[in-house]
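Scope of the values below: all heavy atoms of this structure, side chains included, with no hydrogens, waters or symmetry mates. If you read the sequence from its start, that first residue is 1, and numbering goes on from there.
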Amino acid sequence: YSKLQNQDSLLRLLVVFELKKDQYIEEATGEAELTAVKDLLKQFAKDQYTDFVKDEVKKKKKKLKDLNNQLNDLKNQKTNMQKLIQASRTDITTEKDNIVLQNNEITKLTTELLNVNNQLTGMEAGAAKEEKASYLKELEKRKKKLLNDVESSENKITRANNNINDAERD
């Protein structure tokens with residue numbers, strides 16, 4: 001027979017051992033049995049406490065491991081964001097340089113287009129005029145391609161800026 005009593009910060013275990021029918025271990029009659037039972041109960045209490053502490057340590061270690069994994073994940077995310085920001089800044093610089101080069105080329109093409117157009121208006125019909133008209137169309141195609149390239153570079157810059165803003169916000 002046993003009974004567990006809750007007392008504030010401890011639990012008290014009351015135990016009665018029956019040796020034979022209606023014969024129990026008592027201090028007065030069974031000193032040796034009483035000592036053995038006390039030792040048994042002390043060992044039982046130690047084992048229970050040890051098991052409890054081991055479980056608590058195991059839980060804390062698991063929690064610590066989970067927190068370390070989360071920390072490592074956050075560090076990796078931060079590193080990836082920093083790499084993304086740096087790559088985006090490099091892309092912005094490259095695309096701005098491309099835009100400057102393309103705009104210079106567009107300016108030259110525009111000047112040449114005006115010159116060829118002026119020459120074309122002063123020419124008489126014939127093979128030379130058709131050749132100039134064909135050259136003019138080629139220049140217009142090149143200019144249109146350059147304008148599209150400028151727009152593409154501007155879109156890349158916008159995307160890179162958005163990537164930077166998103167990364168810095170997170």
Residues which pass salt bridge (charged side-chain N to carboxylate O under 4.0 Å, His left out) with [X], listed by chain and number, not counting sequence neighbours:
{"X": "Glu31", "answer": "none"}
{"X": "Arg12", "answer": "none"}
{"X": "Lys38", "answer": "none"}

### Query
In terms of hydrophobic clusters joined by side-chain contacts under 4.5 Å, are Leu101 and Val150 together?
no

### Query
Mind checking what makes side chain to side chain contact (heavy atoms under 4.5 Å, CB included) contact with Ser152, not counting sequence neighbours?
Lys156

### Message
Checking Asp22 now: which residues fulfil side chain to side chain contact (heavy atoms under 4.5 Å, CB included) with it, not counting sequence neighbours?
### Response
Glu18, Tyr24

Calculate, to the nearest 0.5 Å, the distance between atoms [atom1] and [atom2] belonging to [X] and [Y] respectively.
{"X": "Asn165", "Y": "Ser88", "atom1": "CG", "atom2": "OG", "result": "10.0 Å"}
{"X": "Leu34", "Y": "Leu41", "atom1": "CG", "atom2": "CG", "result": "9.5 Å"}
{"X": "Asn115", "Y": "Leu136", "atom1": "CG", "atom2": "CG", "result": "11.0 Å"}

### Task
Enumerate the residue pairs fulfilling side-chain hydrogen bond (donor to acceptor under 3.5 Å, both in side chains) with a member in residues 117-133, sequence neighbours excluded, ordered by first and then second residue.
Gln119-Lys132

Taking distance alone, no hydrogens or angles, what donor-acceptor pairs closer than 3.5 Å link side-chain atoms of residues 70-84 to residues at least two apart or in another chain?
from, atom 1, to, atom 2, distance (Å)
Asn72, ND2, Asn68, O, 3.3
Asn76, ND2, Asn72, O, 3.4
Thr79, OG1, Lys75, O, 3.0
Asn80, ND2, Asn76, O, 3.3

### Task
Identify the heavy atoms of Leu120 and Ala133 that sit nearest to each other, and give their distance.
CD1-N, 3.8 Å

Report all side-chain donor-acceptor pairs from residues 103-111 shorter than 3.5 Å, counting only partners two or more places apart or in another chain.
from, atom 1, to, atom 2, distance (Å)
Asn103, ND2, Ile99, O, 3.4
Asn104, ND2, Val100, O, 3.4
Glu105, OE2, Arg142, NH2, 3.4
Thr107, OG1, Asn103, O, 2.9
Thr110, OG1, Ile106, O, 2.7
Thr110, OG1, Lys143, NZ, 3.3
Thr111, OG1, Thr107, O, 3.0

For residues 47-65, which side-chain donor-acceptor pairs fall under 3.5 Å, sequence neighbours excluded?
from, atom 1, to, atom 2, distance (Å)
Asp47, OD1, Gln43, NE2, 2.9
Thr50, OG1, Lys46, O, 2.7
Lys62, NZ, Asp66, OD2, 3.2

Please tabulate, for the side chains in residues 90-97, all donor-acceptor contacts under 3.5 angstrom to protein atoms that are two or more places apart in sequence or on a different chain.
from, atom 1, to, atom 2, distance (Å)
Thr90, OG1, Gln86, O, 3.0
Thr93, OG1, Arg89, O, 3.1
Thr94, OG1, Thr90, O, 2.9
Glu95, OE1, Ser153, OG, 2.6

#### Entry: Leu40 vs Phe44 side-chain heavy atoms within contact, under 4.5 Å
no

